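Lettering follows sequence order; numbering is per chain, from 1. Everything numeric in this text was worked out from a predicted model, so none of it was measured.
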Amino acid sequence: MNYMFEALAFLCQPMILGNALFGGITGLVLGAIPGLSGGMAIMICLPLTFGMEPRLAIVLLMSIYIGGISGGYIGSILLGIPGTVNSLATVYDGYEFTKKGYPTRALSVAAVANFFGTVPSLLVAMFLSQVIARWAVKLGPAEYFSLAVFAMVLVIALSKEDMARGLISMALGLALTTIGISPVSATKRFTFGFTNLQGGFSMACVMMGLFGGTLILMEYAKNERGDGTFADVKIEGFRMKIKDFTSNIVNIVRSFFIGLLVGFMPGMGGTIANVAAYSIAKNSSKEPEKFGTGCIDGVWAPEVANNASIGGAVIPMIALGIPGDSTTALLLSAMTVQGLTVGPLLFTTQTSYVYLIFIAGIFAAACCLLFQVLGMKLFPALFKIPYHYLYPIILVCSFVGIYSSNYSFFELAASLVFIMAGVMMRYFRMPQGPFILAFVLGPMLEKNFRNAVCYATNGYWTFFTSPIACVLLLGTAVLLAYPWLVKALTKKTL
Amino acid sequence: MTRDRLLGIVSVLFAVLIAGLTFFTVDPKIRIAGDPGSQIFPYGAALIFALAGSRLIMRKAAKKDPIFLTAGQWKRLFILFFAFAVYVFLIWLIGFLTATMIMLFGISTMFASKKGVPLTQRILYAVGMTLVAYGIFRYGLKVMLPSGIIGMG
């Protein structure tokens with residue numbers, strides 16, 4: 001309890017609150033603009049945190065994360081294009097309000113729905129993480145390795161992408177983590193005499209090259225952005241009818257639990273929560289025919305659910321150190337840069353940080369709501385930011401981030417290679433999620449695998465004599481074989 | 001050849017390259033009793049590349065690939081990539097401040113082509129944003145920005 005009050009006292013300082021507000025607004029703005037996302041917002045703002053005191057950096061990162069997920073609905077409602085895929089289903093009814101000329105009602109509901117999704121889910125996560133972490137402390141390296149492998153393969157299996165391409169993306173991430181000094185035995189690998197390669201490639205270099213630089217290259221190559229084409233709509237400022245809330249209480253509670261549960265599952269995340277909550281709300285409605293025509297229930301459900309998935313996704317990240325999706329993977333690595341060893345031991349070694357993470361998230365949600373309520377009239381301006389001014393400055397932030405992570409020109413030059421690699425990944429339709437997860441989890445995977453074999457008296461059999469590890473590895477095998485099993489069974493039935 | 005098949009071939013080549021490099025360059029000596037060694041993970045990555053790549057090669061191509069970028073779009077991509085490379089070189093040569101001004105002006109001009117954005121606006125943007133970025137990173141966040149080997153700042 002003391003830690004909670006400590007975190008609250010820290011967050012009540014005007015400068016820290018200002019930081020949370022800045023992070024929330026930055027995340028919200030970048031989350032709102034189609035093409036960018038919460039993950040991109042974390043990457044762009046990463047260099048801002050390098051020189052910061054860790055607690056301050058955590059507040060900023062959590063605020064950007066919360067803002068990034070919350071902002072997606074603005075594009076969905078005003079443009080009919082989701083700012084992030086997490087707000088995909090919000091388009092169906094949200095955009096109908098804009099087409100009819102009164103988007104204020106949908107925007108106001110979505111802003112409150114975000115808050116209702118985020119805050120309770122973070123409170124649930126704060127208590128559940130402790131329970132899971134207490135159990136996770138008892139896990140050995142064999143169980144940890146199996147859990148991480150299972151999570152990675154689940155991400156590939158659940159994505160709509162082809163499994164083979166997902167595996168290649170994962171292998172690429174794993175291969176990159178093997179460059180430098182290996183864990184356990186400190187052997188040099190693939191350094192070819194370059195001292196710059198001994199520490200491997202930094203997160204900033206790989207991620208900003210592969211995703212930040214590639215995004216700008218692709219946008220320029222396709223030349224599809226039309227600045228100022230956004231039709232002006234009148235937004236009167238925050239206005240929400242109490243009836244819109246009272247008539248949707250069951251819908252809100254149901255969508256909250258869908259979001260929390262789906263967010264907890266690796267690889268599922270906000271997008272599935274958003275779409276699933278919308279479909280369930282529609283199917284259980286007394287007037288399903290109204291959905292898709294500008295029904296307010298169809299705005300509540302997806303927006304509560306995608307934000308409730310935040311709490312669900314944070315639980316495995318904090319309690320196990322295993323992120324469930326690419327955005328939490330980026331958040332995890334950004335926290336690692338600050339010296340935090342996210343995982344079950346965080347609760348015993350850095351307890352004050354645990355509470356700070358959750359309470360900063362709650363503060364960020366409040367800051368985002370405040371900004372959305374007060375600044376709703378400004379939303380159309382977000383889509384008038386000229387891309388010819390926005391992208392070059394994103395590029396500068398990316399290159400500063402790469403340089404300042406190690407103060408190395410070598411990494412700046414290497415990032416050019418990763419930019420082209422990112423283009424090739426898009427060319428070959430390789431999903432990004434498995435790559436990010438493998439790159440973030442790779443060193444932990446190898447350390448646990450080798451430690452598990454070292455500590456065991458029965459060598460590699462340790463993965464099959466431990467019941468938890470064995471079940472997880474069997475689950476992984478089933479996930480990998482699933483597409484072939486389905487195909488074989490379908491053929492047999494036909 | 002479909003893109004999937006090409007990716008399959010590239011993956012198998014990657015597998016061979018990683019396995020070869022691991023075999024010839026990574027020290028196989030085991031320093032801790034029971035440790036599987038530093039070669040095991042690179043071999044593991046190579047195995048995944050080989051299996052997934054082979055699957056893509058052997059799989060029957062379902063349909064024709066959609067066009068990724070047209071020839072003109074590839075050209076634009078490489079031009080901007082060249083601009084990125086020049087920016088990195090200029091940071092090393094003349095430092096962050098001057099290189100960023102040049103890059104912001106150049107890239108905003110490239111993005112704004114045919115939009116009729118006035119020259120003065122682009123210059124003001126480049127100078128203004130560079131100074132703001134420099135101020136935030138250098139003085140606000142204490143990030144040491146490169147001043148270049150010829151020290152132009």
Taking the side chain as every heavy atom from C-beta outward, state whether [X] and [Y] have any atom pair closer than 4.5 Å.
| X | Y | result |
| --- | --- | --- |
| B/Y125 | A/P392 | yes |
| A/F409 | B/I91 | yes |
| A/R165 | B/D4 | yes |
| B/D35 | A/V453 | no |
| B/F49 | A/L172 | yes |
| B/L56 | A/I168 | yes |
| B/F81 | A/I419 | yes |
| A/M420 | B/F78 | yes |

Presence of salt bridge, B/R59 and A/D162, under 4.0 angstrom: yes
So does B/D65 pair up with A/R429, basic N to acidic O under 4.0 Å? yes
Parallel, tilted or perpendicular: ring planes of B/F41 versus A/F145, cut at 30 and 60 degrees: perpendicular
Hey, is [atom1] on [X] packed in by over 12 heavy atoms from elsewhere, all under 6.0 Å?
| X | atom1 | result |
| --- | --- | --- |
| A/W461 | CH2 | no |
| B/I67 | CD1 | no |
| B/F23 | CZ | no |
| A/F190 | CZ | yes |

Chain A contact via [X] - which portion, at a heavy-atom distance below 4.5 Å:
| X | result |
| --- | --- |
| B/F137 | side chain |
| B/T22 | both |
| B/R55 | side chain |
| B/L51 | neither |
| B/F89 | neither |
| B/M110 | both |
| B/V117 | side chain |
| B/S11 | side chain |

Let me see the working for A/Y407 and B/V143 under side chain to side chain contact (heavy atoms under 4.5 Å, CB included), right down to the final yes or no. CA-CA 9 Å; A/Y407 291 108; B/V143 174; 4.0 Å; yes
[X] side, atom [atom1]; [Y] side, atom [atom2] - distance, nearest 0.5 Å:
| X | Y | atom1 | atom2 | result |
| --- | --- | --- | --- | --- |
| B/L21 | A/I179 | CG | CD1 | 10.0 Å |
| A/E219 | B/L80 | CD | CG | 11.0 Å |
| B/D27 | A/R189 | CG | CZ | 11.5 Å |
| B/L77 | A/L217 | CG | CG | 4.5 Å |
| A/S169 | B/L7 | OG | CG | 10.0 Å |
| A/Y389 | B/M129 | OH | CE | 11.0 Å |

Taking the six-membered ring of A/Y220 as reference, does the NZ or CZ atom of B/R76 fall below 6.0 Å from its centre and within a 45° cone about the axis? yes
Can you say whether [X] sits under 4.5 Å from chain B via the side chain, the backbone, both, or neither, judging by heavy atoms?
| X | value |
| --- | --- |
| A/F192 | side chain |
| A/Y427 | both |
| A/V400 | side chain |

B/F111 and A/Y391: CA distance, side-chain angles, deciding distance, ring-ring contact (aromatic ring centres under 6.0 Å, His included) verdict: CA-CA 9 Å; B/F111 268 98; A/Y391 284 141; 5.5 Å; yes
Out of [options], which one racks up the most heavy-atom pairs below 4.5 Å with chain B?
| options | value |
| --- | --- |
| A/L167, A/I393, A/I402, A/V184 | A/I393 |
| A/L412, A/T191, A/V396, A/L390 | A/V396 |
| A/S404, A/A221, A/A456, A/A171 | A/A221 |
| A/F449, A/F399, A/Y460, A/Y403 | A/Y403 |

Between chain A and each of [options], count heavy-atom pairs under 4.5 Å; write down the option with the most.
| options | value |
| --- | --- |
| B/T109, B/T100, B/I40, B/L145 | B/I40 |
| B/A45, B/A52, B/G8, B/A46 | B/A52 |
| B/F84, B/W92, B/Y87 | B/F84 |

Working for side chain to side chain contact (heavy atoms under 4.5 Å, CB included), residues B/S38 and A/R450: CA-CA 9 Å; B/S38 296; A/R450 291 171 66 178; 3.3 Å; yes
A/A175 and B/I18: which non-hydrogen atoms are nearest, and at how many Å? CB-CD1, 3.9 Å
